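Have a look at the structure below before the remarks.
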Number of protein chains: 2
Amino acid sequence: MAYTDAITALSDPTRRAVFERLRAGPRPVGEMAATLPVSRPAVSQHLKVLKDAGLVEETRHGTKRFYSVRRDGLDELRRWIEGFWDDVLAAYKEAADDHDRSKD
Amino acid sequence: MAYTDAITALSDPTRRAVFERLRAGPRPVGEMAATLPVSRPAVSQHLKVLKDAGLVEETRHGTKRFYSVRRDGLDELRRWIEGFWDDVLAAYKEAADDHDRSKD
DNA sequence: CGTCTGTGTAAGCCATGGCTAACCGTAAGC
DNA sequence: GCTTACGGTTAGCCATGGCTTACACAGACG
């Protein structure tokens, strides 16, 4: 059920903004909070949710903590969508075949 | 910003359950509500959200309304994840390269 | 036309959860 | 050992939104 945690975590706009900050690589909390319209504790809370959802991981360097995207977490979500996508295409194709047969 | 609507719509468990019912093809509202733990109006409301998010489309047959997955909507979400995924891999590779260079 | 079937809509209740402010813990630098 | 920098945690407030019940509406059928 991990992909559901990922979707839930990414449903919040602020949390997506936090996550987007990690697109290009690891970032410390304070740096991200400085470019966001919410307080640092809020960012910290969002990072906790992202971490619990398996989308993010933490690396400590002294008193700083760098957060980065956890690729396995993102990949689970990716695979769910691919699977859904495949099923939808298959159902669509099957419906088209049925329609073709009905025309005989 | 359409993929954000898709993620927001899919963040609710019940709404995901509704959406999953459409994996294998079009379904009328009542049939879906019968296999879900919520009332029919609730399902109707969820379908409205999914429709507004571009994830679902409606086809009327007499008094019945068949809902089906709208492929364009799902594809937008798919592409966002693919793009994010590519960026993360690129950032990871770049970091590895930097690390290699620093070892000279 | 009446009625039954299938569904959307409106009002109101209540739980979830995101935000801030205040506080606590820990590593670094002197 | 103080102080400062960097962040996680808690308490409490308030908006969002999902659910049900009651109502409205359109097409099929006699």
Side-chain angles (χ1 to χ4, degrees), chain A residues 1-22 25-70 73 77, chain B residues 1-22 25-70 73 77:
Chain A
M1 297 280 281
Y3 79 89
T4 65
D5 295 334
I7 290 190
T8 305
L10 292 175
S11 67
D12 181 72
T14 305
R15 206 143 51 216
R16 270 199 306 274
V18 170
F19 194 57
E20 288 280 359
R21 294 288 189 288
L22 302 177
R27 295 281 182 276
V29 178
E31 183 187 312
M32 305 175 67
T35 66
L36 287 169
V38 296
S39 69
R40 185 193 50 72
V43 173
S44 210
Q45 289 164 7
H46 284 307
L47 283 168
K48 176 172 172 49
V49 174
L50 289 170
K51 187 178 169 188
D52 290 346
L55 284 172
V56 143
E57 59 195 0
E58 180 189 334
T59 314
R60 307 193 183 192
H61 275 24
T63 146
K64 285 193 182 179
R65 308 194 183 187
F66 287 83
Y67 284 87
S68 53
V69 174
R70 187 173 159 272
L77 177 55
Chain B
M1 297 279 283
Y3 79 89
T4 63
D5 295 334
I7 291 189
T8 305
L10 292 175
S11 68
D12 181 72
T14 305
R15 207 144 50 217
R16 269 199 306 273
V18 170
F19 194 58
E20 287 280 359
R21 294 290 189 287
L22 303 177
R27 295 283 182 275
V29 179
E31 183 186 313
M32 306 174 69
T35 66
L36 287 169
V38 295
S39 69
R40 186 196 48 72
V43 174
S44 210
Q45 289 164 6
H46 284 307
L47 284 167
K48 176 174 173 46
V49 174
L50 289 170
K51 187 178 167 189
D52 289 347
L55 284 172
V56 143
E57 60 195 358
E58 179 189 335
T59 313
R60 307 192 182 191
H61 276 28
T63 147
K64 284 192 181 179
R65 309 195 182 186
F66 287 82
Y67 284 86
S68 54
V69 174
R70 187 172 159 275
L77 178 55

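Every chain is numbered from 1, with letters handed out A, B, ... down the list of sequences. No hydrogens, no waters, no symmetry mates; every other heavy atom, side chains included, goes into these values. Only a predicted model underlies this, so the values are computations on that prediction, with no experimental measurement involved.
- Computed from coordinates, the A:Arg16 CZ to C:dG18 C1' distance equals 14 Å when rounded to whole Å.
- B:Leu47 is not listed as a side-chain neighbour of B:Arg65, based on a closest heavy-atom distance of 4.5 Å or more.
- At least one donor-acceptor pair closer than 3.5 Å links the side chain of A:Thr8 to the backbone N or O of A:Thr4.
- One interatomic measurement links the two molecules: CG of A:Asp52 to P of D:dG8, which rounds to 12 Å at whole-angstrom precision.
- A:Leu55 pairs with exactly one of A:Val69, A:Leu10, A:Asp5 by the side chain to side chain contact (heavy atoms under 4.5 Å, CB included) rule, that one being A:Leu10.
- Residue-to-nucleotide contacts include a donor-acceptor pair under 3.5 Å from the side chain of A:Gln45 to the base of D:dT10.
- The NE2 atom of B:His46 sits 13 Å away from the P atom of C:dG8 (whole-angstrom rounding).
- Straight-line distance from the CE atom of A:Met32 to the C1' atom of D:dG8: 15 Å, rounded to whole Å.
- No contact: B:Phe66 has no heavy atom under 4.0 Å from any strand.
- Using a 4.0 Å heavy-atom criterion, one finds that B:Pro28 contacts the sugar-phosphate atoms exclusively.
- Separating the CG atom of B:Leu36 from the C1' atom of D:dG18 is a distance of 14 Å, rounded to the nearest angstrom.
- Distance CG (A:Leu50) to P (D:dG8): 12 Å, rounded to an integer number of Å.
- Between D:dT9 and A:Ser44, no contact under 4.0 Å exists linking OP1 or OP2 to a side-chain N or O.
- As rounded to whole Å, 9 Å separates atom P of C:dT7 from atom CD of B:Glu31.
- Between the side chain of A:Arg15 and the base of C:dG17, no donor-acceptor pair under 3.5 Å is found.
- In this entry the distance linking CZ of A:Arg40 with P of C:dG18 reads 18 Å, nearest Å.
- Between D:dC6 and A:Tyr67, no contact under 4.0 Å exists linking OP1 or OP2 to a side-chain N or O.
- Between A:Leu22 and A:Met32, the closest side-chain pair of non-hydrogen atoms falls below 4.5 Å.
- A heavy-atom distance below 4.0 Å to DNA chain C is reached by these residues of residues 58-65 of chain B, ordered by number: B:Thr63, B:Lys64, B:Arg65.
- The only member of B:Val29, B:Leu50, B:Val56 that meets side chain to side chain contact (heavy atoms under 4.5 Å, CB included) when paired with B:Val18 is B:Leu50.
- The nearest heavy atom of DNA chain C to A:Asp12 and to B:Lys48 marks one nucleotide each, and the one closer to the 5' end goes with B:Lys48.
- A distance-only check finds a donor-acceptor pair linking the side chain of B:Arg21 to the backbone of B:Thr35 [under 3.5 Å].
- No side-chain donor-acceptor contact under 3.5 Å links A:Arg70 to the backbone of A:Glu57.
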